[in-house]
Number of protein chains: 2
Amino acid sequence: MLTSTEEDYIKAIYKIAQYQGDKTVSTKNIALELGTSSASVTDMIQKLSDKQLLYYEKYYGVSLTKDGQSTVLKLLRKHRLWESFLHDTLGFSWDQVHEIAEQLEHVQSDELIDRLDRFLGNPKYDPHGDPIPNSNGSFTFRPQCTLAEVKEFHKELHITGVRKHDSGFLQYLSEQKLTPGKSIRLIAVNHFSKMHTIKTDDGSEVQLSMDIARDLLVKTI
Amino acid sequence: MLTSTEEDYIKAIYKIAQYQGDKTVSTKNIALELGTSSASVTDMIQKLSDKQLLYYEKYYGVSLTKDGQSTVLKLLRKHRLWESFLHDTLGFSWDQVHEIAEQLEHVQSDELIDRLDRFLGNPKYDPHGDPIPNSNGSFTFRPQCTLAEVKEFHKELHITGVRKHDSGFLQYLSEQKLTPGKSIRLIAVNHFSKMHTIKTDDGSEVQLSMDIARDLLVKTI
DNA sequence: AATTAAATTTAGATTTGCCTAAATTATTGT
DNA sequence: ACAATAATTTAGGCAAATCTAAATTTAATT
Ligand SMILES: [Mn+2]
Ligand SMILES: [Mn+2]
Ligand SMILES: [Mn+2]
Ligand SMILES: [Mn+2]
């Protein structure tokens, strides 16, 4: 049984590893992600290494063991199912759900989470488009790329998710009606400003900066 | 902002006070209720007294202040709404909900609890028949008594709740189909064994011991 | 290669919640 | 009224999670 603090460390390590393509994760990045001191991180990674959840080589950072991986997948399942509940059932906007799910994910009850899953209709993706692992911890990646990587114009694209979860970014996107499931087309990319012009469902055109385009995930139909 | 441990102490004190008719609550009873040592309780009640949640006189026990009262009512609201969700929405049996609600009640978000309330249709009572305070902390007691106190026979009674919440007791009652909302009649009370004979909805007769009768709450129609 | 800078670990302390054992106060029984 | 008993508090300590400051190691720069 892990404390919620230990769970949050494991999740932070997974997130950083994911982001930087599975290299070893540094003490400093964990401290930055969790807003703690490096000294605290060193203490905790030593403890988690003792518990066989991390591989840890002094001064060279950590990576998750098989046990650490399965721990994090169960947590992501819980987090994303709670986000789906908050969004789909209670009507929270997608920029409000993360903070509350951050607490709910630590509630201990396997039956609770399986019943929640069933009640929600076994959703495959959360409100941000992130995949929800099943009770065995497996989930399917879907073919997707960032809007910035799209090379063909005028082709129909489906918004599948986002690569950033801060509420300002999410609020901006929902104001522009750019949420998972919505269909768009890339009209033009300005060579100097890198601004992306897209056309939405209802025919209106929207300008998106390169920064936005790099964090918006889409799928070609 | 209270820790979940502090919240559990406040709840325990409220529960004991309720049970013993609002006298001052002793260190020992709190320790028994929470399964800790008296020394730990002394530490905590000193802290909660500093925070103005308790009146505390050394060697003479504690009672809740106005702040303590409103804290506990918010907590009971959360606890009972979560129990209703687990029971009514997710289909947990009434003997399973308490333990999980014990965790969920500590999640911090006023909007969450108000949305949950609305989603559930603003229920007035939880699965055990306990009243759910509204967002101002007020709730209405309903006229009820224990089955053991009923003096008239053959009169229609509605089951309104229970005075004990341990899962063995609750399981026994649901096996006998004696849950809140069900209608029964008292047929006889044996003068020696104190066994209560009741007739249920469907006409079948059930024998209940005095212990059960004392913890089953009913209302005359 | 040597020096500087950056990252990491260790040392020492703090807070929260808990414990046992000892000291103190209140209650009970004769 | 006083001794025995029960309840409560205090003393001293421990584990978890955090911090700052100092020491150590690795990485980067001249
Ligand atoms: Mn969390
Ligand atoms: Mn999400
Ligand atoms: Mn609790
Ligand atoms: Mn209840």
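First the proteins, then the strands, lettered A, B, ... as listed; each starts at 1.
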In the 5'-to-3' direction, what one-character label does each nucleotide of nucleotides 7-15 of chain C receive under the scheme B = base within less than 4.0 Å of a protein heavy atom, S = sugar-phosphate only, - = no such atom?
SBBB-----

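- Computed from coordinates, the A:Ile30 CD1 to D:dT18 P distance equals 12 Å when rounded to whole Å.
- Listed by chain and number, the residues in a side chain to side chain donor-acceptor pair (under 3.5 Å) with A:Gln52 amount to none (sequence neighbours excluded).
- A donor-acceptor contact closer than 3.5 angstrom is absent between the side chains of A:Ser84 and A:Asp88.
- Here B:Asp130 pairs with B:Arg80, B:Asp126, B:His128, B:His165 under the side chain to side chain contact (heavy atoms under 4.5 Å, CB included) rule; sequence neighbours left out.
- Atom P of nucleotide C:dT16 and atom CG of B:Asp50 are separated by 11 Å, given to the nearest angstrom.
- When the side chain to side chain donor-acceptor pair (under 3.5 Å) test is applied to B:Thr140, no partner is found at least two apart in sequence or on another chain.
- Not a single side chain to side chain donor-acceptor pair (under 3.5 Å) links A:Thr65 to another residue, sequence neighbours left out.
- Between A:Ser37 and D:dT18 there is no side-chain polar atom (N or O) within less than 4.0 angstrom of OP1 or OP2.
- A straight line from CE of B:Met44 to C1' of D:dT8 spans 17 Å, rounded to a whole angstrom.
- Residues meeting the side chain to side chain contact (heavy atoms under 4.5 Å, CB included) test with B:Thr220, sequence neighbours left out: B:Leu157.
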